[in-house]
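As a basis for the values below, the full set of heavy atoms in this structure was taken, side chains included, without hydrogen atoms, waters or symmetry mates.
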Amino acid sequence: MLDWYVRNQRDLPWRRDSDPYWVLVSEIMLQQTQADRVVGYFERFVAKFPSFAALAAAPRAEVIQIWGGLGYNRRAVYLHQLAQEVEARYGGQLPRNTEQLRALPGIGPYTCGAILSIAFEQDEPALDTNVRRVVARYAFTELPDSRAIEAKARELLPRGRARDWNQAIMDLGATVCLARQPRCQDCPLRPGCRNRDRAFAIPHRSPPKYEGSTRYYRGHLLRTVRQFGALGAIALTLAADDLQARGVAEPKAGWRVVSESLAQDGLLLIEEGANGAIVGLP
């Protein structure tokens with residue numbers, strides 16, 4: 001597996017430096033987003049904010065602005081809050097233990113495992129969708145539950161090689177052990193795989209429809225506010241007119257409700273003007 005990784009690893013910019021900050025930023029960006037889409041955003045982000053200190057000191061509006069287009073915008077807020085906590089509580093150094101990491105904004109079990117293994121070379125699995133699929137197919141004859149996958153992943157993990165091992169399995173799942181048409185003939189785990197040439201299907205949950213969803217309206221409103229960022233803020237009625245002109249009709253709940261949900265997540269500021277609400281980046 002590790003020999004295969006040396007020859008076949010994906011050339012991803014965040015792998016060129018195992019600095020904990022780079023690892024963290026990349027893993028937050030990779031949540032629910034494919035690696036090839038993240039590359040350009042990652043490079044721009046770390047160029048603008050090269051450290052926890054730089055990110056923590058930046059106005060949130062700048063962070064939201066540079067994140068624009070990557071989606072799931074709350075991640076930008078989490079990352080900004082996390083940098084501020086790391087600076088305030090840990091002297092700018094990312095914690096090296098599970099309890100402290102999990103207490104930081106935006107860090108769940110997978111992201112925690114990825115940071116501990118990739119940044120700090122601790123013997124922890126990093127169980128993203130690709131890794132779960134590879135482990136399940138390699139070790140089980142039918143789809144196991146999450147606990148069984150995690151236990152097997154820990155058992156398979158070679159001591160002292162977690163950084164390369166976890167990234168190798170991620171790459172294998174992304175390029176060879178595919179969800180629908182696995183390329184078993186090209187797999188380095190083929191000799192010991194319990195499902196070689198007959199890999200069982202992994203249940204696939206279709207993503208919810210985007211157009212017309214809450215995410216759809218939130219994304220469009222935030223994009224419009226970003227475009228007017230140089231002005232600082234824009235009347236909500238003008239934002240609605242701009243959206244209407246671009247073919248985005250007002251949702252049934254109204255743009256005010258959408259703006260309030262964005263404000264609740266720290267993505268917008270709302271002020272009351274003489275002619276109604278004025279919205280801007282925080």
Side-chain angles (χ1 to χ4, degrees), residues 1-10 12 14-15 18 20 22-24 26-35 38 94-104 106-205:
M1 185 74 219
L2 292 172
D3 289 342
W4 175 89
Y5 179 62
V6 170
R7 299 189 303 271
N8 296 280
Q9 62 182 285
R10 292 177 291 175
L12 300 171
W14 48 87
R15 290 183 177 175
S18 58
W22 276 39
V23 174
L24 171 73
S26 67
E27 292 299 340
I28 296 292
M29 288 186 167
L30 287 164
Q31 293 171 358
Q32 299 178 286
T33 309
Q34 293 182 333
V38 167
L94 198 61
R96 294 171 175 252
N97 68 75
T98 299
E99 183 178 352
Q100 290 176 323
L101 279 173
R102 288 294 305 278
L104 292 171
I107 296 187
Y110 162 71
T111 304
C112 181
I115 291 169
L116 292 175
S117 61
I118 298 171
F120 301 128
E121 298 188 82
Q122 295 183 24
D123 290 330
E124 288 289 331
L127 295 168
D128 72 351
T129 300
N130 286 330
V131 173
R132 289 181 179 277
R133 181 169 61 253
V134 172
V135 172
R137 283 176 171 168
Y138 177 78
F140 300 91
T141 55
E142 57 185 36
L143 187 64
D145 62 25
S146 293
R147 289 184 180 180
I149 293 175
E150 181 176 355
K152 180 56 67 173
R154 287 187 179 278
E155 178 186 327
L156 293 172
L157 186 70
R159 302 301 102 178
R161 299 299 304 275
R163 174 187 292 165
D164 287 345
W165 179 260
N166 285 338
Q167 293 183 124
I169 300 184
M170 291 175 196
D171 283 8
L172 188 71
T175 62
V176 175
C177 191
L178 303 172
R180 297 189 178 180
Q181 293 184 316
R183 296 165 42 212
C184 295
Q185 69 278 8
D186 299 325
C187 183
L189 297 180
R190 176 185 170 90
C193 182
R194 302 190 69 179
N195 290 277
R196 58 182 179 271
D197 299 324
R198 56 181 181 83
F200 55 75
I202 303 295
H204 177 72
R205 183 174 62 183

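For the atom pair CG (Leu2) and CD (Gln9), the distance works out to 11.0 Å, reported to the nearest 0.5 Å. Note that CH2 of Trp4 is 9.0 Å distant from CG of Leu189, once rounded to the nearest 0.5 Å. In this structure, Leu172 CG and Asn8 CG are separated by 9.0 Å, a value rounded to the nearest 0.5 Å. In this structure, the separation between SG on Cys184 and CZ on Arg137 is 7.5 Å, given to the nearest 0.5 Å. Here Cys187 contributes atom SG and Asn195 contributes atom CG; the two are 11.0 Å apart, rounded to the nearest 0.5 Å.
Side-chain atoms of Asn130 never come within 3.5 Å of backbone atoms of Ile169 as a donor-acceptor pair (strictly under, hydrogens ignored). The main-chain N or O of Gly173 is found under 3.5 Å from a side-chain atom of Arg133 such that the two form a donor-acceptor pair. Within the 3.5 Å criterion, the main-chain N or O of Gly106 finds a donor-acceptor partner in the side chain of Gln31. For Arg196 (side chain) and Cys193 (main-chain N/O), a donor-acceptor pair under 3.5 Å exists by modelled atom type. At distances below 3.5 Å, at least one donor-acceptor pair connects side-chain atoms of Ser117 with backbone N or O atoms of Ala114. Using modelled atom types, one side-chain atom of Gln122 and one backbone atom of Arg96 make a donor-acceptor pair closer than 3.5 Å.
Residues Val131 and Tyr110 fail the side-chain proximity criterion, which asks for heavy atoms closer than 4.5 Å. In this structure, Pro188 and Asp3 have side chains that are not in contact, with every pair of non-hydrogen atoms separated by 4.5 Å or more. Put simply, the side chain of Val23 reaches to within 4.5 Å of the side chain of Glu27, judged on heavy atoms.
Across Ala139 and Lys152, no two heavy atoms sit closer than the pair CB-CG, 3.5 Å. Across all their heavy atoms, Cys112 and Arg102 have their closest contact at CB-CD, 3.8 Å. Between Pro95 and Phe120, the shortest heavy-atom distance links the atoms O-CE1, 3.3 Å. Heavy atoms only, all atoms of each residue included: Leu156 and Trp165 are closest at O-CZ2, 3.8 Å. For the pair Leu127 and Ala153, the tightest heavy-atom approach, listed with the atom from each and the gap, is CD2-CB, 3.6 Å. Summarising the geometry of Asp123 relative to Pro158, their closest heavy-atom pair is OD1-O, 4.1 Å, with the distance given to 0.1 Å.
With sequence neighbours left out, the salt bridge (Lys or Arg N to Asp or Glu O under 4.0 Å) criterion links Arg183 to Asp186. Under the salt bridge (Lys or Arg N to Asp or Glu O under 4.0 Å) criterion, Asp171 pairs with Arg10, Arg15, sequence neighbours left out.
Looking at Asn166, Leu116, Leu157, Ile118 one by one, the single match for side chain to side chain contact (heavy atoms under 4.5 Å, CB included) with Glu124 turns out to be Leu116. When the options Leu24, Thr98, Leu104 are evaluated for a side chain to side chain contact (heavy atoms under 4.5 Å, CB included) with Ile115, the one that passes is Leu24.
The local environment of CD in Gln185 is crowded, with over 12 non-hydrogen atoms from other residues, nucleotides or ligands closer than 6.0 Å. Under a cut-off of 6.0 angstrom, the local environment of CZ in Arg161 is sparse, with at most 12 non-hydrogen atoms contributed by other residues, nucleotides or ligands. More than 12 heavy atoms of other residues, nucleotides or ligands sit less than 6.0 Å from atom CZ of Arg159.
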